[in-house]
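Treat the numbers as computed from the prediction; the structure is a model and nothing was measured.
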2 protein chains.
Amino acid sequence: MRKTKEEAQKTKETILMAALDCFSDQGYFNTSLDDIAKAAEVTRGAVYWHFSNKPEIFDALHDSLHESFIEMITKDLERDSSEPLRQLEELIIKLLKDLERNETKTRTLKLFYHCDYSGDLNQFKQKHQDNKYKSLQLMSSYFQRAQQKGQLNKTAEPEILTLTLHCFLKGILYEHLNGSTLININSHAERLIKQLFNGLNDCHASLGCKGNS
Amino acid sequence: MRKTKEEAQKTKETILMAALDCFSDQGYFNTSLDDIAKAAEVTRGAVYWHFSNKPEIFDALHDSLHESFIEMITKDLERDSSEPLRQLEELIIKLLKDLERNETKTRTLKLFYHCDYSGDLNQFKQKHQDNKYKSLQLMSSYFQRAQQKGQLNKTAEPEILTLTLHCFLKGILYEHLNGSTLININSHAERLIKQLFNGLNDCHASLGCKGNS
DNA sequence: TTGACAACATACATGCATGTATGTATAATT
DNA sequence: AATTATACATACATGCATGTATGTTGTCAA
């Protein structure tokens, strides 16, 4: 019965992926640990050995996705483009298309868009929210760079711009992940993003911003 | 024990509001019918008398909110403003501020942003999504009017514009309802909306749209 | 006014999910 | 080579949520 350490690590990841499958199909609250165990072709004993309970499995899934995001953005920020706004625009589209290709990421992300933190997941609410803020702060640095390079009106507020982008992205992802027929990343997302950035450029570029009270 | 019809209708609504309270506090899946009954100061017998099960309570909450939204938009559409885009902008802000005031609506809406339709709620997924599309169609008619009045470039696509607005709104609401400290409707939402509409105007007004491939 | 039915309350049966305790075989350690 | 701890599987106890069946009281209709 006893497996080698590598094998044990492998079954742990098998359990994680099985959990993701179950959560995606039936939802977090509708999946029992036994469901996960059966999907991973182990028993609940194995699950309880690697994780203390269901919320911890959820948290493990979160971590893997978040680390991946942070890494992609951080690496992109190492390159100091002459046009930070265009760089950001390209990054966003790249992230979206990466999501579309990687089904594991898509399903994981979908989890966090529809999960209810008011139950047993409440213990992780703050942590996951903090992690989201970290990604946001990274985003805002693009706008700061653009402002420093004089490509953004001085009255523009990077925070507001980041929020705008963030809300917009959230909406797109929400619809896309929801399996909505409204949005198809290949045909729509790129145009939506471009439209948003056009708005930002036109509004904040050289002239003053017209409508902000 | 037997109550009059009016009293019965009242307890039914009491149960609905109690359910909303419970769902908001503990989440849909973490509330039992007994929780709801206790919150409404009745027994589970009363709950089972008025509703066949928990999903049906959820659906009843949905209906009340949706009807309210459709009514507000439909009434606004009766007025044929000379500037449909500005009219839409004002409507959005009005809707947001109405939401902020009406806590029942806020909590109900929050339910549907975080609910997981993959479980026992799956039976209502299609219906609720269809209802969402209805509101979206109403929104797009503002853009169509603007286009007819020549206030929107002829190459602009009302559907894409509606999607843009919808995604953006979704993001704002998601953050706001999530209790995010990032967004405060009073101080932020109005500016965010104005910024978005500035983008639309600048991009699609008289000149051609620059960046759309 | 009296039956019939509505509007619940109470009681019961069932199943499932959780957590833990214990068993076991084998890898790692010495 | 013997021991120990690991990596699970199995078994058990518990509690809770659901659904239904039945009881009870008052209302309304005739």
Please identify each residue that fulfils ring pair (Phe, Tyr, Trp, His ring centres under 6.0 Å) with B:Phe51, with sequence neighbours left out. none
Residues which pass ring pair (Phe, Tyr, Trp, His ring centres under 6.0 Å) with B:Phe29, listed by chain and number, not counting sequence neighbours: A:Phe29
Give me the residues of residues 13-25 of chain B where at least one heavy atom lies under 4.0 Å from an atom of DNA chain D, by number, or none. none
Taking everything shown except B:Glu41 itself, do over 12 heavy atoms lie less than 6.0 Å from its CD? no
Count the heavy atoms of every other residue, nucleotide or ligand shown that sit under 6.0 Å from CD of B:Glu103, and state whether that count exceeds 12. no
Which residues share a side chain to side chain contact (heavy atoms under 4.5 Å, CB included) with [X], sequence neighbours left out:
X        : value
A:Ala46  : A:Ile15, A:Val42
B:Asp21  : B:Arg107
A:Lys170 : A:Tyr113, A:Lys132, A:His166, B:Tyr174, B:Glu175

List every contact pair, protein side and nucleotides 27-30 of chain C side both N or O, where the distance is under 3.5 Å.
unit_1: C:dA27; atom_1: N3; unit_2: A:Arg2; atom_2: NH1; d: 2.8
unit_1: C:dA28; atom_1: OP1; unit_2: A:Thr4; atom_2: OG1; d: 3.2

Between [N] atom [atom2] and [X] atom [atom1], what is the distance in whole Å?
X       : N      : atom1 : atom2 : result
A:Glu41 : D:dA9  : CD    : C1'   : 15 Å
B:Phe29 : D:dC16 : CZ    : C1'   : 17 Å
B:Phe51 : C:dA7  : CZ    : C1'   : 14 Å
A:Lys10 : D:dA7  : NZ    : P     : 16 Å

Between A:His128 and A:Tyr117, is any pair of side-chain heavy atoms under 4.5 Å apart? yes
Applying salt bridge (Lys or Arg N to Asp or Glu O under 4.0 Å), which residue pairs with at least one partner in residues 52-62 of chain B are found, sequence neighbours left out? B:Asp59-B:Lys127
Using a cut-off of less than 4.0 Å, is there contact between a side-chain N or O of B:Thr11 and OP1 or OP2 of C:dA7? no
Please tell me if B:His50 has a side-chain N or O lying less than 4.0 Å from either OP1 or OP2 of C:dC8. yes
Show your working on side chain to side chain donor-acceptor pair (under 3.5 Å) between A:Thr11 and A:Lys3 and close with a plain yes or no. CA-CA 10 Å; A:Thr11 60; A:Lys3 305 253 183 81; 5.5 Å; no
Between B:Asn30 and A:Trp49, name the one whose nearest nucleotide on DNA chain D is closer to the 5' end. A:Trp49
Just how large is the angle between the end axes of the helix from C:dT1-D:dA30 to C:dT30-D:dA1, five pairs per end, to 10 degrees? 10°
Please list, one pair per line, the donor and acceptor atoms closer than 3.5 Å that link side chains of residues 30-37 of chain B to other protein atoms, with sequence neighbours excluded.
unit_1: B:Asn30; atom_1: ND2; unit_2: B:Gln26; atom_2: O; d: 3.1
unit_1: B:Thr31; atom_1: OG1; unit_2: B:Gly27; atom_2: O; d: 3.3
unit_1: B:Thr31; atom_1: OG1; unit_2: B:Tyr28; atom_2: O; d: 2.9
unit_1: B:Ser32; atom_1: OG; unit_2: B:Asp34; atom_2: N; d: 3.4
unit_1: B:Ser32; atom_1: OG; unit_2: B:Asp35; atom_2: N; d: 3.1
unit_1: B:Ser32; atom_1: OG; unit_2: B:Asp35; atom_2: OD2; d: 3.3
unit_1: B:Asp34; atom_1: OD2; unit_2: B:Lys38; atom_2: NZ; d: 3.2
unit_1: B:Asp35; atom_1: OD2; unit_2: B:Ser32; atom_2: N; d: 3.0

N/O contacts under 3.5 Å, protein versus nucleotides 18-22 of chain C?
unit_1: C:dT18; atom_1: OP2; unit_2: A:Leu33; atom_2: N; d: 3.0
unit_1: C:dG19; atom_1: OP2; unit_2: A:Tyr48; atom_2: OH; d: 2.5
unit_1: C:dG19; atom_1: N7; unit_2: A:Arg44; atom_2: NH2; d: 2.5
unit_1: C:dG19; atom_1: O6; unit_2: A:Arg44; atom_2: NH2; d: 2.7

Show every donor-acceptor pair shorter than 3.5 Å between a side-chain atom in residues 69-78 of chain B and any protein atom, with sequence neighbours excluded, or say none if there are none.
unit_1: B:Thr74; atom_1: OG1; unit_2: B:Ile70; atom_2: O; d: 2.6
unit_1: B:Asp76; atom_1: OD2; unit_2: B:Gln87; atom_2: NE2; d: 3.3
unit_1: B:Asp76; atom_1: OD2; unit_2: B:Tyr142; atom_2: OH; d: 2.4

Are B:Phe58 and B:Phe112, when compared by the centres of their aromatic rings, separated by less than 6.0 Å? yes
